[in-house]
Amino acid sequence: METNRDLRERISIAATAIEVVLGLIILIGCLISSIGLVCTTDFSALFLEPHYLQSRLSDACLIIIGIELIKMISSYTIDSVVDVMLLAIARQMVVEHTAPLENLLTVVAVGLLFVIRKYLYISYLDHRRRRKREAEAAADIRAEVFGSRHKSKTDD
């Protein structure tokens with residue numbers, strides 16, 4: 001019978017595997033979309049039709065947000081979450097034609113995200129957690145390769 005810890009570890013491994021698969025799917029989609037964006041762009045229309053330029057900018061921003069989303073999934077930091085939110089808000093403001101009140105709210109939201117990043121977010125804590133997870137993963141790998149006697153030495 002499996003212990004509660006073993007079950008939690010298996011669930012965690014399964015969730016990580018799903019994250020990796022989804023990240024790969026998003027990455028493939030971003031690559032295909034990037035190639036499609038470049039190949040289907042009519043460069044003369046970029047200078048002649050403002051709506052065409054707006055459409056291309058919107059598509060490019062969506063690809064960038066997808067890439068940042070992949071980075072967020074793989075890094076597990078608050079900093080990457082704030083980056084994705086900043087890009088999404090900035091995309092809406094730059095690409096969409098919005099009313100002045102919506103523009104004001106967007107600027108306030110971006111400013112608030114910068115304030116959060118500057119004053120409320122402590123990046124050292126994220127980096128410390130990441131280093132601890134990496135050390136635990138390395139210890140687990142050593143234990144698998146060399147046997148459980150080496151794991152107890154690294155845990156001290």
Side-chain angles (χ1 to χ4, degrees), residues 5-142 144-145:
R5 184 172 185 225
D6 291 338
L7 181 60
R8 287 182 183 173
E9 285 180 18
R10 287 184 182 209
I11 290 172
S12 178
I13 290 169
T16 301
I18 291 170
E19 285 178 346
V20 168
V21 169
L22 288 175
L24 286 172
I25 291 170
I26 294 170
L27 180 62
I28 291 168
C30 288
L31 287 172
I32 292 170
S33 297
S34 297
I35 294 167
L37 181 69
V38 171
C39 292
T40 61
T41 298
D42 180 8
F43 292 99
S44 62
L46 286 175
F47 300 106
L48 301 174
E49 301 173 32
H51 294 291
Y52 186 73
L53 175 62
Q54 181 181 358
S55 171
R56 298 281 101 175
L57 282 175
S58 177
D59 294 342
C61 286
L62 282 174
I63 294 168
I64 291 169
I65 290 171
I67 292 167
E68 286 297 322
L69 184 63
I70 295 168
K71 288 168 52 177
M72 181 183 77
I73 289 171
S74 64
S75 70
Y76 295 107
T77 62
I78 300 294
D79 201 28
S80 61
V81 173
V82 172
D83 285 343
V84 171
M85 291 171 60
L86 279 170
L87 283 171
I89 292 170
R91 176 197 173 270
Q92 179 183 354
M93 184 177 175
V94 170
V95 177
E96 308 272 326
H97 291 292
T98 56
L101 181 61
E102 290 173 326
N103 288 339
L104 176 65
L105 290 174
T106 302
V107 169
V108 168
V110 168
L112 185 63
L113 286 171
F114 278 117
V115 167
I116 289 170
R117 175 188 250 168
K118 175 83 175 164
Y119 297 108
L120 299 177
Y121 169 66
I122 303 169
S123 63
Y124 171 75
L125 295 177
D126 266 343
H127 296 296
R128 189 176 72 188
R129 286 184 198 128
R130 186 184 311 150
R131 283 193 303 268
K132 182 180 177 186
R133 271 196 305 269
E134 288 171 355
E136 289 172 353
D140 289 342
I141 291 170
R142 279 192 293 273
E144 288 290 325
V145 172

Could you list the donor-acceptor pairs under 3.5 angstrom formed by side chains in residues 64-71, with sequence neighbours left out?
residue	atom	partner	partner atom	Å
Glu68	OE2	Lys71	NZ	3.1

Working to the nearest 0.5 angstrom, can you tell me the gap between [X] [atom1] and [Y] [atom2]?
X     : Y      : atom1 : atom2 : result
Met85 : Ile116 : CE    : CD1   : 6.5 Å
Leu53 : Leu48  : CG    : CG    : 11.0 Å
Arg56 : Glu49  : CZ    : CD    : 11.5 Å
Leu46 : Leu57  : CG    : CG    : 8.5 Å

For Thr40 and Tyr52, which heavy atoms make the closest approach, and how far apart are they?
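It is O-OH, 3.4 Å.
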Tell me whether Ser58 contacts the main-chain N or O of Gln54 through its side chain, where contact means a donor paired with an acceptor under 3.5 Å.
no
Are any side-chain N or O atoms of Ser55 and backbone N or O atoms of His51, one a donor and one an acceptor, separated by less than 3.5 Å?
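No, because the side chain of Ser55 does not come within donor-acceptor range (under 3.5 Å) of the backbone of His51.
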Listed pairs under 3.5 Å, donor-acceptor, residues 11-26 side chains, sequence neighbours left out:
residue	atom	partner	partner atom	Å
Thr16	OG1	Ser12	O	2.9
Glu19	OE1	Tyr76	OH	2.2

